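These numbers were taken from a predicted model, which means no experiment stands behind them. Letters A, B, ... are given to chains in the order of the sequence lines, protein chains preceding strands, and every chain is numbered from 1.
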Amino acid sequence: MNDTSLAISKFSDLANPTRFLALVARVLPWFACLTAALFAVGLYLSFTTEGDYQQGETVRIMYVHVPAAWLSMMCYSVMALSAIGTLVWRHPLADVSHKAAAPLGAAFTLIALITGSLWGKPMWGTWWVWDARLTSVFVLFLMYLGLIALNRSMDDASKAARVSSVLILVGFVNIPIIKFSVEWWNTLHQPASVIRLDGPTIDPEFLWPLLIMAVAFTMLFFTLHLMAMRNEIWRRRIATQRRMAARMAGREASP
Amino acid sequence: MIALFFRDLKLSVRAGGGALIGVLFFMTVVAVIPFGVGPDLNLLSRIGPAIVWIGALLAALLGLDRLFQADRDDGSLDLVLMQETPLVLTVFVKCLAHWTATSLPLVIASPLLGLFMNMDEVAIGAVMLTLLVGSPAITFIGAAGAAVAVALPRGGLLVSILVLPLAIPVLIFGVSASYAAVQEPAPFMPPFLFLIAITLFFAVIGPLAAALALRNASD
Amino acid sequence: MIALFFRDLKLSVRAGGGALIGVLFFMTVVAVIPFGVGPDLNLLSRIGPAIVWIGALLAALLGLDRLFQADRDDGSLDLVLMQETPLVLTVFVKCLAHWTATSLPLVIASPLLGLFMNMDEVAIGAVMLTLLVGSPAITFIGAAGAAVAVALPRGGLLVSILVLPLAIPVLIFGVSASYAAVQEPAPFMPPFLFLIAITLFFAVIGPLAAALALRNASD
Amino acid sequence: MRLTAEKLAARRGEDLIFFDISFELHAGEAMVLTGRNGSGKSTLLRVVAGLLRPDRGKVEFRFRDGEESRPAHEVSQYLGHRNAMKQELTVRENLVFWRDFLGDAEGERGLSVEEAAEAVGLGSITHLPYGYLSAGQQRRFAMAKLIVAYRPVWILDEPTAALDTSADEMFAGLVHAHLARGGIAIAATHQPLGLRGAKTLVMRGFEYHEAEEVL
Amino acid sequence: MRLTAEKLAARRGEDLIFFDISFELHAGEAMVLTGRNGSGKSTLLRVVAGLLRPDRGKVEFRFRDGEESRPAHEVSQYLGHRNAMKQELTVRENLVFWRDFLGDAEGERGLSVEEAAEAVGLGSITHLPYGYLSAGQQRRFAMAKLIVAYRPVWILDEPTAALDTSADEMFAGLVHAHLARGGIAIAATHQPLGLRGAKTLVMRGFEYHEAEEVL
Amino acid sequence: MSHAFYVYLSYGIAGLIILALIGWVWLDGRARQAELKVLEASGMRRRSAAAKAEGAGQ
Ligand code: HEM
Ligand SMILES: Nc1ncnc2c1ncn2[C@@H]1O[C@H](COP(=O)(O)OP(=O)(O)OP(=O)(O)O)[C@@H](O)[C@H]1O
Ligand SMILES: Nc1ncnc2c1ncn2[C@@H]1O[C@H](COP(=O)(O)OP(=O)(O)OP(=O)(O)O)[C@@H](O)[C@H]1O
Ligand SMILES: [Mg+2]
Ligand SMILES: [Mg+2]
């Protein structure tokens with residue numbers, strides 16, 4: 001009786017990730033194709049639309065920079081949601097989710113930083129200024145790296161997940177700072193023109209490629225996130241099986 | 001609770017030499033900067049408040065990572081975690097003790113450093129006041145980092161990395177309030193009130209996060 | 001000995017999270033500075049070398065005090081003390097491992113930070129060179145302090161009085177050599193040679209003092 | 001007054017250490033946990049002490065005839081492998097701190113520090129720094145902690161490790177006095193503890209069996 | 001080959017802990033130290049291990065028929081109350097480190113890490129971080145350290161604390177094998193160690209008496 | 001430098017980072033799958049042995 005209840009509960013423990021893996025296997029090809037298609041359209045549009053009368057050709061950097069910047073924040077929000085999942089429901093999938101998202105977030109933040117400074121050189125005449133928007137994004141980047149380092153330095157996966165979720169939640173204060181830094185402090189950086197309460201103020205000429213690129217980046221993120229989560233689940237299974245094997249070997253050796 | 005406060009105070013004075021190392025580090029930082037900017041007294045007094053604040057921020061990091069680790073290593077943390085008194089309160093008291101032992105001396109020493117940096121009286125007063133009000137926030141944020149460090153065998157640099165980004169707002173408002181006190185057009189009160197607000201905010205968030213992390217890190 | 005070196009390296013990397021940590025730490029410290037002194041690029045590039053050096057000092061201080069304490073607490077120190085290999089050598093190797101794990105990454109990362117601080121190429125090179133040459137001295141001094149901390153249960157105060165004042169000359173010569181490389185009239189070589197001399201001096205004195213303290217400490 | 005554990009299961013890292021462990025202890029009863037190294041004794045004690053979240057099951061403490069129920073860890077004192085005393089402080093400072101910090105359970109009175117030191121047979125050296133004591137003396141004072149702040153449930157992990165034979169008797173005396181007062185004690189051990197009438201729970205890793213009352 | 005202690009006296013802080021302790025151990029002999037808590041067993045062992053300077057007297061190790069004499073601590077392995085292993089490293093990393101760092105005594109060969117782990121009955125878990133082990137498992141691996149780096153003299157402070165009964169036998173086996181190979185062992189203990197033909201030294205604080213060989 | 005240079009450089013770098021990211025996730029997945037296969041090959045026996053051992057223990 002004990003044995004069966006144990007078996008069942010263990011099975012149901014696995015059931016969620018297992019079902020998740022099946023789901024991933026089903027949707028992943030579609031996601032990948034959709035992402036590729038969106039990128040094709042987005043890139044085509046972003047190179048064929050007119051340049052800006054003020055910024056000239058460099059406005060095209062926007063189609064990479066802005067989606068990457070948005071994603072860097074969205075990724076952190078996804079991590080924060082997963083962190084709540086970890087702490088409140090103790091769901092293993094939530095652990096996996098925020099652990100897998102951190103490197104992705106770091107990469108997108110890096111893209112936003114690099115394209116931003118590449119845009120800054122022709123526009124502002126300098127690669128880097130320590131203004132509120134730029135620095136808060138840099139801080140976001142550091143936080144991603146810190147979380148990755150934290151996760152790597154603990155080898156009890158579920159404990160690492162719980163502890164880093166606390167930090168993720170505390171670090172979430174940075175997101176509104178990034179978002180509203182341009183309004184709270186006067187900076188060199190552009191104020192929001194797309195995501196604002198009274199509707200976008202941007203020329204539709206730029207809006208379309210921007211939106212399509214943004215959706216493409218988002219799809220890319222979700223595709224990669226699913227893949228990375230799947231990798232992480234596999235990694236944990238391997239670790240569990242190896243430990244089990246070692247335990248059983250010990251059992252046989254010393255009865 | 002009062003017992004905890006005094007024990008922690010006693011420990012950091014007796015074992016760590018906490019107060020002194022912070023003050024000495026603080027003075028080292030302040031002593032080195034003039035080499036960078038050169039003997040330009042005007043410039044020195046201009047960047048003075050910023051340097052004092054940065055020094056205080058960095059000095060607060062020393063020893064912070066061991067806030068809970070020492071208790072974990074000798075088993076006291078287990079007993080503390082088992083108590084009925086809300087863990088948040090315990091963490092809060094520990095933070096207060098740590099602040100008293102390490103940051104308060106910095107606040108007290110800051111006028112001296114202000115003199116080194118050739119700051120005028122108003123600026124010195126302003127820096128001292130903002131430090132007094134703002135430095136607890138750093139300790140509270142640090143407590144969250146220290147609680148995370150409990151799950152790690154050793155804390156050290158990692159904790160500072162996790163803590164520093166969060167401490168940036170404190171620094172920004174602390175420094176800008178100090179400047180506002182000296183430079184005419186800018187009003188002193190708004191950033192100062194903001195600093196108070198931040199400290200209060202972190203006085204709640206920090207211990208909460210630390211308690212949460214401690215509960216989850218124990219095994 | 002090589003085994004000891006790699007074990008200590010592994011320990012600090014494993015627990016702290018890797019070489020990445022040093023760089024990250026440094027970047028965090030540097031990122032904090034502009035918030036204090038403001039985004040004035042000119043000023044930043046002037047205090048740049050001083051900041052980089054302070055960062056190195058801080059990194060060395062964080063965690064250095066536990067250099068021998070960790071070993072004492074788990075009993076390893078006893079076994080180390082019983083060895084025939086001269087204790088000075090053991091201490092020296094431990095210092096090297098600590099330096100490699102915490103200061104070397106800073107040295108390597110310093111050019112990057114120089115860029116952030118808007119320093120020019122010569123200054124960056126000079127800072128990197130002086131850091132490479134000077135930072136071991138800080139570690140060696142710190143080792144003596146750490147050994148005293150083990151020897152005296154209440155040696156905390158002594159440690160801070162010992163380590164920081166001794167480290168100040170290193171800091172001062174390091175920083176002034178970096179500036180001498182940039183500012184015209186001042187010659188680069190004299191402070192630089194002095195820095196080398198200090199490092200060599202402490203490379204001998206530090207481990208010797210530490211070994212002496214450890215021998216008398218054990219009980 | 002009784003302590004109940006129902007179908008407890010616990011993990012360490014990812015590994016299941018034990019499952020389906022239940023027991024019930026009434027006022028005045030003691031239980032001894034035995035089993036080979038690594039069989040999960042310390043883990044079970046940490047679960048009871050609320051330091052580890054059980055994977056399944058729960059531990060509860062009911063008193064006033066089952067009317068009132070509290071989480072067990074709030075009415076317990078835990079003595080683990082480590083002594084929870086600071087090397088830098090004197091014995092008296094340590095004990096006074098724990099008395100003030102833990103406080104007594106409602107309506108009860110712990111002993112004074114001096115009486116407690118007498119009770120563990122080391123009355124004269126409370127002025128020494130804790131770090132100056134021998135292993136056994138340190139362990140004895142860790143026990144003194146149990147009696148300066150009264151709690152009805154004692155959770156003891158290898159309490160007599162490092163104790164000499166006369167101290168073993170002293171320990172048995174302490175526990176019997178505690179039980180006589182209506183307390184409850186759970187102890188993990190490899191050596192006989194000399195507790196009369198204590199239940200025994202043998203940990204077997206994945207299995208367990210509850211033995212009859214042994215002498 | 002023999003280990004001699006002559007008229008040893010030692011202080012802790014200012015207090016004289018013992019004086020006039022002498023003993024001699026030849027190859028293949030073991031000595032058990034007993035005595036109540038705080039009587040100075042650990043202190044004596046630390047003096048023999050060279051970790052404490054004796055107040056008077058000296059400890060020496062002579063071999064090649066008394067021709068060559070070395071300070072005892074250079075030919076000894078010390079197992080104290082604490083295990084001298086790092087929680088952060090795996091068991092294997094810990095053992096490999098001690099093997100490389102300590103090296104073997106000249107002309108001898110310690111066991112490999114795997115063999116040593118087998119010898120302490122925990123062959124399969126050397127890949128786990130040391131901090132993940134139970135108290136008894138940790139102690140067993142601390143013993144494995146004794147056999148990966150061979151030294152003729154073993155100095156053991158309460159070696160079997162935290163060990164279960166099967167491990168006690170394992171320990172006695174290890175020591176007997178060591179003695180059979182011509183080694184020497186000194187152990188402080190409160191529990192019977194099961195060593196056949198070991199001398200006994202009862203520490204009495206200021207007095208001592210050397211008992212006859214007991215079974 | 002011409003503006004086009006900045007545009008192409010930023011697209012290039014962004015592309016590079018994204019490709020590296022995709023490559024890393026992909027290769028990581030491949031490696032994990034390979035490990036899983038190896039375990040499966042030897043693991044079936046172990047798991048049944050484990051079940052047996054447990055069954056015998058009860
Ligand atoms: C390294 C430097 C830069 C960083 C870290 C950065 C960061 C960001 C972030 C985080 C956003 C999203 C803000 C939001 O959703 O409200 C954003 C949007 C934007 N950035 Fe940047 N940026 C940088 C440089 C630049 C430069 C040089 C320009 C152009 C002169 C620029 C133009 C824009 C524009 C137009 C938006 C879209 C705003 C909107 O419509 O909401 N950025 N950037
Ligand atoms: N570090 C120290 N400083 C000062 N006195 C000490 C120190 N360590 C131990 N003592 C004292 O020395 C005496 C002997 O201690 P020792 O540790 O040798 O006893 P022991 O026989 O090993 O006891 P146990 O069985 O409890 O381990 C004790 O009275 C103790 O108080
Ligand atoms: N912190 C930890 N992380 C992961 N696993 C652990 C941890 N602590 C213990 N374990 C594992 O849990 C199992 C049970 O350990 P536990 O400490 O409960 O044993 P025990 O019965 O107290 O043994 P002992 O008699 O040696 O003290 C052991 O196999 C051990 O390897
Ligand atoms: Mg145990
Ligand atoms: Mg002893």
Side-chain angles (χ1 to χ4, degrees), chain A residues 76 80 83-90 94-95 102 106 109 130-178 180-181 184-187, chain B residues 50 65 68-69 72 87-88 91 137 140-173 175-176 186 190-191 194 197-198 201-219:
Chain A
Y76 200 91
I84 294 176
T86 295
L87 288 176
V88 178
W89 295 291
R90 303 196 153 236
D95 300 5
T109 316
W130 290 101
D131 87 343
R133 161 65 57 87
L134 272 58
T135 317
S136 51
V137 173
F138 185 59
V139 166
L140 180 69
F141 183 59
L142 291 179
M143 276 174 8
Y144 276 126
L145 295 187
L147 286 169
I148 295 172
L150 184 68
N151 262 322
R152 288 174 55 109
S153 62
M154 273 189 276
D155 33 23
D156 181 342
S158 65
K159 199 209 277 183
R162 276 176 278 140
V163 168
S164 49
S165 356
V166 174
L167 272 184
I168 291 172
L169 289 181
V170 173
F172 193 73
V173 287
N174 195 26
I175 294 301
I177 293 182
I178 295 178
F180 299 112
S181 51
W184 291 347
W185 297 279
N186 51 346
T187 63
Chain B
D65 55 323
F68 299 106
Q69 263 182 333
R72 174 202 61 183
L87 188 56
V88 187
V91 173
F140 289 127
I141 304 168
V148 167
V150 165
L152 300 169
R154 293 174 170 195
L157 296 184
L158 190 52
V159 177
S160 346
I161 293 169
L162 299 174
V163 167
L164 270 178
L166 297 175
I168 286 180
V170 185
L171 187 69
I172 291 178
F173 286 101
V175 173
S176 57
F194 221 93
I198 291 181
F201 176 70
F202 278 124
V204 177
I205 291 295
L208 263 180
L212 202 62
L214 283 178
R215 283 250 178 269
N216 284 299
S218 77
D219 63 340

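- Shortest non-hydrogen contact noted between A:Thr86 and A:Arg162 is CG2-CG, 3.8 Å.
- Once rounded to the nearest 0.5 Å, the distance linking CH2 of A:Trp89 with CD1 of A:Ile84 reads 7.5 Å.
- For chain B, the nearby part of A:Val173 is the side chain; its heavy atoms alone come within less than 4.5 Å.
- Each of B:Ala217, B:Gly206, B:Pro169, B:Ala147 has some count of heavy-atom pairs under 4.5 Å with chain A, and the biggest count is that of B:Ala217.
- Contact of B:Phe202 with chain A is not made at all, since no heavy-atom distance falls under 4.5 Å.
- Contacts between B:Ile168 and chain A at a heavy-atom distance below 4.5 Å involve the side chain alone, from C-beta outward.
- Of all non-hydrogen atoms in A:Met143 and B:Leu166, the two that sit nearest each other are SD-CD2, 4.4 Å.
- Residues B:Val159 and B:Val148 fail the side-chain proximity criterion, which asks for heavy atoms closer than 4.5 Å.
- Annotation: maximal heavy-atom pairing with chain B below 4.5 Å, among A:Val139, A:Leu142, A:Leu140, A:Val166, occurs at A:Val166.
- Just one of A:Asp95, A:Leu169, A:Asn151 meets the side-chain contact (heavy atoms from CB on, under 4.5 Å) condition when paired with A:Ser164; it is A:Asn151.
- Using a 4.5 Å cut-off between non-hydrogen atoms, the part of residues 209-216 of chain B that approaches chain A consists of B:Ala209, B:Leu212, B:Ala213, B:Asn216.
- Of all the heavy atoms in B:Ala167 and B:Ile141, the pair that sits closest is CA-CD1, 3.9 Å.
- In this structure, A:Asn174 and A:Ser136 have side chains that are in contact, with non-hydrogen atoms separated by less than 4.5 Å.
- Side chain of A:Tyr76 to backbone of A:Tyr144: no donor-acceptor contact under 3.5 angstrom is found.
- Applying the ring pair (Phe, Tyr, Trp, His ring centres under 6.0 Å) rule to B:Phe194 yields the partners B:Phe173; only residues at least two apart in sequence or on another chain are considered.
- Using a 4.5 Å cut-off between heavy atoms, A:Leu87 contacts chain B through its side chain alone, with no backbone atom that close.
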